[in-house]
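To start, the structure itself, in structure tokens.
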Amino acid sequence: MSVAAPVLLALDTATDRVHAALAVGAAVQTLDLPGGAQASTQLLPALQGLLRDAGLAWPDLDAIAFGSGPGAFTGLRTACSVTQGLALGADCPVIVIDTLMAVAEDARQQSPQTCAPGDVVWVLQDARMDELYVGAFTWDGADWQVAHATQLWPLTEPVSRWTRGSLTPTEGLRLCGNALQAYPDRFAPLWPLGARVLGEASAAPRGAALAALAQRAWARGDTVDVALALPRYVRDKVAQTTAERRAIAQAPRHIDRLMTVDDIPAVLEMEQAACVHPVHAWTEDNYRSSLRSGYWMRVRCEADSGRIVAVCVAMDGVDEVHLLNIVVSRAHQGQGIARALLGLLCERCRARQAGLLWLEVRPSNERALALYRREGFVEVGRRKAYYPAPEGREDALVMRRDIDLGGAARAVD
């Protein structure tokens, strides 16, 4: 059968889905199937169905395109072996597609009006083992150009790099990829700073994106011999050893230390992003005066990056301690950090033989209230118009916890 437009078959099995497309000019048919162990047995019949529905056969193919990765090892081998076998049988060349570029194209197709010529899009795909496949591509108005070659990053790298480095989210950082959906809390610190998702968080190397990249490559004459249809492995390990998994589980995720004046900018940034409204956050003067007064001030940091994720400030009395401020970064809330810091503070009370721990809390801060009540605090009073609020002032609930001074206590500086 003879057709004027090139007949291109494209497939990608680098993720947990099987994506494929048959493109004949502007006519594109797509497939989206479950991945996993059954992918290889389902793929060939599904591709045969695409051709049959279009009234075509394997000899009609001009080229076969495949997503070369990065991605799951088994998926990449499946795509490579299927492509090689089909291309040899159809006697046609192969088009090699960057899987991360296909994710960027899928995100652009979902929201083409938000991707202008010159825009750089970062793709973050889940690589498991607390790592990411990361690449960046520039849209020139007609095609993608590689702006940052694919690398394997630690899961903590994007937030660490883009909140401290020269490329900041306020300069128009555009992100896409399944890591945004897999680890929403990890990327939460980026959104208040101006980063945004291109398309949907579920962007993937879908059939329409594969077809578009295959057609552009065909127009450029960018094909290779079937012998060069090879997967792109960015990682050289499939899984961690038992010893590595045990070491990671035993390694401390966070470290606690005394706060210094040099920590103030990072603490202020963390607290502003964590608070519901800016007026709820402490100011630089609050922290400086507390440091000058010698209050107990600790920060909790990520063990690998040193990034501050929580702060706790308390004032010692004669036989009591007053909790003044405790904040956990938005991305790390719900992980027991505030409870752990309260535990340290209670240890300090016992070491100093302070039998009472006091605090004030906004009635509107229901999450904090629930935590304090679980930790044994009881409401003993109310201070009228104590806190600044977006519209005037807000009361403070006064809460107290009796500290059991029996038994041994460890010193907490």
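The chain is numbered in sequence order, starting from 1.
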### Message
Going by the rule ring pair (Phe, Tyr, Trp, His ring centres under 6.0 Å), which residues pair with F137 if we only count those two or more places apart in sequence or in a different chain?
### Response
none

### Query
Do side-chain atoms of R232 reach the backbone of P70 as a donor and acceptor pair under 3.5 angstrom?
no

### Task
Evaluate the side chain to side chain donor-acceptor pair (under 3.5 Å) criterion for residues E360 and H322: first the C-alpha distance (whole Å), next the side-chain angles of each, then the deciding distance (0.1 Å), finally the verdict.
CA-CA 9 Å; E360 287 90 20; H322 194 146; 2.8 Å; yes

### Query
So does R382 pair up with D395, basic N to acidic O under 4.0 Å?
yes

#### Entry: S81 side chain vs T78 backbone, donor-acceptor pair below 3.5 Å
yes

## Note on the structure
Only residue of T99, L43, T74 satisfying side-chain contact (heavy atoms from CB on, under 4.5 Å) with T13 is L43

### Task
Determine whether L56 and L22 make a side-chain contact, defined as any pair of heavy atoms from C-beta on separated by less than 4.5 Å.
yes

### Task
State, yes or no, whether a side-chain contact exists between V261 and R288 at a heavy-atom distance under 4.5 Å.
yes

### Sidechain-backbone polar pair: E271 side chain, W282 backbone, donor-acceptor under 3.5 Å
yes

### Message
If you apply the rule salt bridge (charged side-chain N to carboxylate O under 4.0 Å, His left out), what do you find for R128 with D126, and how did you get there?
### Response
CA-CA 6 Å; R128 309 295 172 88; D126 182 16; 3.3 Å; yes

### Query
Who pairs with W139 by ring pair (Phe, Tyr, Trp, His ring centres under 6.0 Å), at least two apart in sequence or on another chain?
W144

### Task
Flag yes if more than 12 heavy atoms outside D53 fall under 6.0 Å of its CG atom; otherwise flag no.
yes

Table please: side-chain donor-acceptor pairs of residues 365-377 below 3.5 Å, with sequence neighbours left out.
residue, atom, partner, partner atom, Å
N365, OD1, A368, N, 3.2
R367, NH1, Q333, OE1, 3.3
E375, OE2, R339, NE, 3.1

#### Entry: R186 charged N/C atom sitting above Y183 aromatic ring, 6.0 Å / 45°
no

### Residues R220, D143: salt bridge by 4.0 Å N-O rule
yes

#### Entry: Heavy-atom check, side chain of Q110 versus side chain of C176, under 4.5 Å
no

### Task
Would you please classify the geometry between the W162 ring and the W122 ring as parallel, tilted or perpendicular, with 30° and 60° separating the classes?
perpendicular

### Task
Assess whether side chain to side chain contact (heavy atoms under 4.5 Å, CB included) is satisfied between E302 and V309, documenting all intermediate values.
CA-CA 7 Å; E302 290 181 336; V309 300; 3.7 Å; yes

